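Note sheet for the following structure.
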Amino acid sequence: MKYLFPLVAVIVLARIAWVGSTIPGMQYVFGVDVPYAALILFIGGFCWRVIYWAKSPVPFKIPTTCGQGHSMPWVKRNKLEAPMNTTEVVGRMFMEIVFFRSLWRNTKASIEPGPVLTYKSTRWLWFFGILFHYSMLLILLRHLRLFLEPVPFLISALDVLDSLALHPTPELSFYLTDALILAGLLALLLRRFILRPVRYISLANDYFPLFLLLGIAVSGITMRYYLRSGVDIVAIKHLAVGLVTFQPEITTDIAPIFYSHLFLVSCLLAYFPFSKLMHMGGVFLSPTRNMANDSRMKRHINPWNPDIKPHSYAGYEDEFREDMVEQGIPVDKELPEKADD
Amino acid sequence: MYDSGKIITGLVIFVLLITFPIWYANFIGDADAVPPATDNELSEAMFQGITFPNDAKHALTTPEMRSTHMNMLQDIHAVALEQGYTPEKDGKKGTMQCMMCHGSKESFCDSCHVHAAVKTTDCWSCHNKP
C-alpha cells in the first residue's frame, strides 16, 4: 500500500493543473509563476543541499576498494578499483557517473545444487537504469528546441536522430527515447513491486519519483501524439522563450494537458533537492568513491580532531619543577641556582 | 565547508549549465524572431467555403490549425493515394491548395517549422514548391 499514496498524489497534481488551467487567468499561474518558483527552488535547493553536505567532515579515509591496491612493484594493482591518486580517482568517478559501473558489478548470491554458494552478476538493474537515465538526458536535450531560438543544429539533429521515422503524422514519427524511458521507468517500478526484498524496503518516497516521472512521460507522450487539439507548438515556444528572457506571455489558450505536463515537471524540479533524486549531485560527493586509497602514503587528519598540543615529560617538568622539588619528587633538571643575595 | 574550491566550482558549472537557455536567449540567440501569431490578411469568410477531398473542415483559428494540420494533411494525402496518384506517373502535383491563400512555402510552412525545429518527410518530393 506504500505505493498508493504517491500514485494518488501524482494523479491529483496532474488534475489540479488540468482543471486549474481552464479557469480564466490561471493559465499564467500554471504557465509562468509555478515554473519560475519551481526553478528557483530547484537551483537554490540544489546548491543549499550540496553546501550542506560539503560542511560535513569526512573523519576517515573510506574509499571502498574492491581490487588489488598499491603494493610491491611486482604485484599487479587495479587502478580503477583501488585508485591511489587523483587521476585514478577521476577515472573511477567517470566510470561511475557515466557508465554506472557499481551497478554493472552488482552480484547476487544464490545456492546451487551441491550445495554450492555462487555469486552471479545481475545486470538488468544496470540495464534499465542506463535506459532510463540516458533517455531522460536525450529528452531534456530535445526539449531545448522549445527554449532556444534559433535552434542549434545539434539539437535539431538530435530530434531527427531520435525519431524512428520522419512522418507528418505525429504518431508515426515516434521518438525512440519516448518508448525507452517508459520501458526503463516501468522496469524500475516493477522491480519494486515484484522483488519481495525490494518491495519490503520500498517507501512512499521511492515510489513518488517513479510515478511522477511516469506521469511526466505519459502526459508528454499523450500531448505529442494523441491529444493534439490545442497544443500549438508556436505558442508553447513563445511561452518558453518568454520564460528564459523574463518576458513571459501567453498569447493563446493552450490545452490543459500541456499545463498538466508542465506542472508535473515543476513539481519534479521543486521536489528534487529535498529527495533521493539528489543522487545527481550526491554521486560526486560520495566519500567511498571520490577518495584515493592512499591512507598508507598520506596521513588523513580528521577535521574535527581537537587541537591537542604535544606535552613532553621535559615540558611537564618545566611547568611543575618548583612544586616537584618542594614535594621531594626527583627531577631530571634541578632548579636553577638562586642568584646570590 | 571542506573542499570548497572544488565544490563551488562544480556548483557554478552546474548552475551555468542548467541556466544555459537563459544565457543563450539573452546573449547569443535571437529571442525576438517569432513567426506571426495570426495571418491577418485572411478573414474567416475566406475559408468558410473551403472543401477538402476528404470532407475535412478548415479549423477556425490559427492555433487550432497549427495544432492539428498535420493529421488533416495526412488524411487528404491518404485520399490522393487511394486515387492512385504517384509522382512518377502523374508528375509533380501543383501546390497543395493551401498556398492559394497562404502564400509561399517559406513564409507559410518554414517560418514555424524552422522556428520550432519540426521536421517531417519531404512534402516537396511529390508537390511543386509554390
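Model, not experiment: these values are computed from the prediction. Residue numbers begin at 1 in each chain, while the letters A, B, ... track the order of the sequences.
- What you find for B/Y2 and A/P303 is that their closest heavy atoms are CE2-CB, 3.3 Å.
- Residue A/R145 comes nearest to B/A117 through the heavy atom pair NH1-O, 3.4 Å, listed as atom of the first residue, atom of the second, then distance.
- Heavy atoms of other residues, nucleotides or ligands lying less than 6.0 angstrom from NZ of A/K276 number more than 12.
- Between B/L11 atom CG and A/R49 atom CZ the span is 13.0 Å, to the nearest 0.5 Å.
- Annotation: side chain of B/I18 is in contact with side chain of A/F42 (closest heavy-atom distance under 4.5 Å).
- By the 4.5 Å heavy-atom criterion applied to side chains, A/F284 and B/I7 are not counted as neighbours.
- By number of non-hydrogen pairs under 4.5 angstrom with chain B, the leading residue of A/S56, A/S156, A/G230 is A/G230.
- Atom CZ of A/F60 has 12 or fewer heavy atoms from other residues, nucleotides or ligands within 6.0 Å.
- Looking at A/T252, the atoms closer than 4.5 Å to chain B (heavy atoms on both sides) all sit in the side chain, from C-beta outward.
- Heavy atoms closer than 4.5 Å to chain B are found in both the backbone and the side chain of A/A54.
- For B/T19, the part lying near chain A is the side chain, with the backbone staying farther off; criterion is any non-hydrogen pair under 4.5 Å.
- Within the 4.5 Å cutoff, the side chain of A/I43 has no heavy atoms near those of the B/F14 side chain.
- Of all the listed residues (A/A240, A/A235, A/P152), the one sharing the greatest number of non-hydrogen pairs under 4.5 Å with chain B is A/P152.
- Annotation for A/W48: atom CH2 counts as buried by contact number, over 12 foreign heavy atoms lying within 6.0 Å.
- Neither the backbone nor the side chain of B/D3 comes within contact range of chain A; no heavy atom of the residue lies under 4.5 Å from a heavy atom of that chain.
- Two residues are said to be in side-chain contact when any heavy atoms from C-beta on lie closer than 4.5 Å; A/L148 and B/I28 fail this criterion.
- Atom OG of B/S67 sits about 11.5 Å away from atom CG of A/L227, to the nearest 0.5 Å.
- Between atom CD1 of residue B/I8 and atom CD1 of residue A/I51 there is a gap of 4.5 Å, rounded to the nearest 0.5 Å.
- Counting heavy-atom pairs closer than 4.5 Å to chain B, the top residue among A/V231, A/I155, A/V241 is A/V231.
- Using a 4.5 Å heavy-atom threshold, the side chains of B/K119 and A/D159 count as separate.
- With a 4.5 angstrom heavy-atom cutoff, A/S163 does not touch chain B via any of its atoms.
- Using a 4.5 Å cut-off between heavy atoms, B/V118 contacts chain A through both its backbone and its side chain.
- By the neighbour-count criterion of 12 heavy atoms within 6.0 Å, atom NE2 of A/H133 is densely surrounded, having more than that number from other residues, nucleotides or ligands.
- When every heavy atom of A/S229 is checked against every heavy atom of B/E64, the shortest pair comes out as OG-OE2, 2.9 Å.
- The minimum heavy-atom distance linking A/P150 with B/Y24 is given by the pair O-OH, 2.7 Å.
- B/H115 is not listed as a side-chain neighbour of A/I233, based on a closest heavy-atom distance of 4.5 Å or more.
- Interface residue A/M280: only side-chain heavy atoms are found under 4.5 Å from chain B.
- Of the atoms belonging to A/L243, not a single heavy atom falls under 4.5 Å from chain B.
- Neither the backbone nor the side chain of A/Y52 comes within less than 4.5 Å of any heavy atom of chain B.
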